[in-house]
Amino acid sequence: MTVATMGAAGALVTRPGHVQYGDLLLGPGTPYRWRTLTGWEELPPLDSGTVQRSDAHGAFPGLLLAQPRTIGVDGLVVRAPRAQIGDVVGRLAAATAPRTDEIPLVAWLDERGPLLAYARATRRAVPTTAGYRLGTILGGAVEWVATDPRRYALAEQAATATLPVSESGLAWESAEVEVLPADQAAGVGEVWRWWSDGDPVITGDDVGPVSVQPLAEAAELVWAADGNDYGWPVGPGQTVTFAAQVAADQGAIITLRWWDASGQHVADESSEPGAAALTGTAPAGAASVQPVVLFPAALPAPVPVGTSSLRISTTAGVLAWPLDFGTPGSTGRMSVVNVGTAETHPVVEFRGPVTAPSLTNITTGDVLEYDLPLAAGDVLVVDTQAGTVVLNGTASRLYTASNRSVPEQTFTLPPGTTPLMFRAAPGSNNPAASVAVRYRAAYW
C-alpha cells in the first residue's frame with residue numbers, strides 16, 4: 001500500500017473560503033463547499049480559577065485556562081459527476097479518518113489571511129440520500145478538536161544570537177604635525193632655513209623663491225631648524241614624513257638623518273632617486289631628525305627649492321576622520337515579536353561549541369539553562385510546547401536542566417515584544433556558538 005506524503009501546512013490554501021485539513025481542501029474550486037465554520041472565531045471554553053471571597057463581596061480573580069477548541073464545518077455540499085461521486089466521498093472519508101496525532105487545519109476567512117490549528121477529525125456526516133444518484137449531496141458536516149486551542153500564523157518567525165563579543169572600539173591613530181614654518185614649506189623667505197657646505201649654492205632675496213644649484217655630484221641641501229643644529233626633536237618610535245618638490249623634479253634622493261641628544265650621528269634613512277616623499281621611524285637613541293636632499297649631479301643653473309613638508313607624529317593618539325568603530329561585536333541579546341493575541345511556545349536551538357547554554361527572558365527573568373557541553377556541530381533542541389530537550393535529534397537531555405531553569409512548558413512568548421539574552425558558562429565564549437528561537441504568532 002502506498003502512503004501519501006503530507007504537504008506543507010496551508011500549501012493548498014490560496015483564497016478566502018478555503019479550509020485545508022492535511023491534504024484535503026474544502027471550499028471554492030473543490031468538490032466540497034461549506035456554509036458555516038463554527039468554533040473558529042469563537043473564544044474556546046475557559047476553565048476559571050476564580051475563588052469566591054469569604055469575607056467580602058465578589059471573588060479573587062484566578063487564571064483563565066482555555067479548553068480544547070472544537071471546530072466544525074456545517075452545511076457541507078459534496079458535488080461531482082455521478083460517475084465520480086463515490087470517489088469524491090471516499091477521499092473525504094479517508095482524509096477525516098480517526099488518527100492518533102493532530103495535523104494542520106488551516107482556514108482562510110477574510111483579508112487577515114489564513115490561520116493554523118493542529119486538530120483531529122472527530123465527527124463526519126455525509127447524508128445517504130438520492131444525492132448519490134444526482135451527484136450532489138447536501139447537509140454534510142465535519143468536526144475537529146484541537147487540544148491546543150490557539151490558532152497560529154502560517155509563517156514561522158526566527159531570531160538568532162551569538163555569545164557576547166567585545167567590540168574593538170574606535171581606532172586611535174597617531175597624529176602628524178607639520179613642523180616646517182609656512183615660508184620654509186613654501187620655498188620662500190630667509191635663506192638660512194636651508195644650508196650646505198657651499199655646494200650646492202643657495203640663493204634668494206629673503207622675499208621671493210629660494211633657489212639651489214648643485215655644482216658637483218652628491219651635493220646635499222639640508223633643511224635647517226630654528227635653534228637646533230641637528231634638526232627637529234623626535235623620540236624613538238615616532239614617525240617622520242618628509243616631502244620635497246625639488247627631489248622629485250631633479251631625481252634626487254631624500255634622506256632622514258637621525259642624531260642623538262649629544263649631537264652624535266645615529267643613522268641615515270634614504271629614498272629611491274626621484275621619490276617625492278620618504279617616511280621613517282625614529283630609531284633607538286634618536287633625539288632629532290634632519291631632512292636632506294642629495295643631488296645626483298651638478299646643474300647648469302639654479303632651480304627653485306619649491307614646496308616641502310616635514311610631518312612628525314605626536315606621542316598621543318587621536319581620533320582620525322572618518323571614525324573607525326571597529327568590527328561590530330555581539331551583545332548576546334535579541335528581541336522577538338509575537339504579533340498575535342495569545343502567548344506562544346517557541347522552539348529553542350542551542351548550537352555548540354558552548355558549555356551550559358542558557359536563554360533568559362529579560363522581562364520575566366525566566367531562564368532555560370542546561371548543564372552540559374555542546375561540541376561544534378551539536379544541536380540541543382528545546383521544544384517548550386512538548387516539554388522536551390533533545391540532543392542531535394535522538395538523545396533526551398531533559399535531566400541536564402539546571403536548578404535555575406524553569407519548566408520548559410512555562411517558557412512562553414506573550415503578545416508583543418520579548419527581549420531575550422543568550423549566555424553560557426564563564427570562559428565559554430566561542431563566537432561560533434549560537435541560539436535560534438523559532439515561533440509562530442498565536443491568536444485566540
Side-chain angles (χ1 to χ4, degrees), residues 3 5-9 11 101-104 116 118 152-169 326-338 344-413 417-442:
V3 178
T5 302
M6 190 174 298
D101 59 331
E102 295 180 313
I103 60 175
L116 161 71
Y118 294 91
Y152 296 92
L154 284 186
E156 184 179 69
Q157 306 295 316
T160 61
T162 57
L163 289 171
V165 176
S166 298
E167 295 184 351
S168 57
T327 303
S330 169
T331 64
R333 297 195 177 200
M334 58 182 163
S335 292
V336 295
V337 181
N338 175 8
T344 187
H345 283 88
V347 173
V348 180
E349 297 178 352
F350 295 106
R351 296 179 181 272
V354 64
T355 300
S358 69
L359 183 69
T360 302
N361 182 327
I362 298 174
T363 301
T364 65
D366 288 347
V367 180
L368 294 175
E369 182 178 63
Y370 301 93
D371 189 12
L372 82 168
L374 298 179
D378 282 347
V379 182
L380 186 72
V381 178
V382 182
D383 188 333
T384 63
Q385 173 81 10
T388 59
V389 181
V390 179
L391 177 63
N392 295 334
T394 57
S396 174
R397 290 295 183 269
L398 185 61
Y399 63 87
T400 65
S402 74
N403 57 8
R404 296 198 315 130
S405 193
V406 300
E408 283 73 18
Q409 289 172 310
T410 67
F411 194 92
T412 59
L413 306 176
T417 301
T418 301
L420 301 172
M421 179 173 64
F422 177 37
R423 291 293 186 269
S428 180
N429 53 9
N430 194 308
S434 66
V435 66
V437 179
R438 297 186 288 107
Y439 64 98
R440 297 178 193 269

| Interatomic spacing from CG in Leu413 to CD in Gln157 - rounded to 0.5 Å | 11.5 Å
| message | Please report the interatomic distance CG(Asp383) to CZ(Phe411), rounded to the nearest 0.5 Å. | response | 13.0 Å
Hey, does [Y] have a side-chain heavy atom less than 4.5 Å from the side chain of [X]?
| X | Y | result |
| --- | --- | --- |
| Thr418 | Asn361 | yes |
| Leu359 | Met334 | yes |
| Pro164 | Arg423 | yes |
| Val435 | Leu420 | no |
| Asp378 | Leu391 | yes |
| Thr384 | Thr412 | no |
| Ser428 | Val354 | yes |
| Val381 | Thr388 | no |

| Side-chain donor/acceptor of Tyr439 to backbone N/O of Val337, under 3.5 Å | yes
| field | Side-chain (Gln409) to main-chain (Gln385) donor-acceptor, under 3.5 angstrom | value | yes
| request: Show your reasoning for whether side chain to side chain contact (heavy atoms under 4.5 Å, CB included) applies to Ser405 and Leu368. | output: CA-CA 5 Å; Ser405 193; Leu368 294 175; 4.1 Å; yes
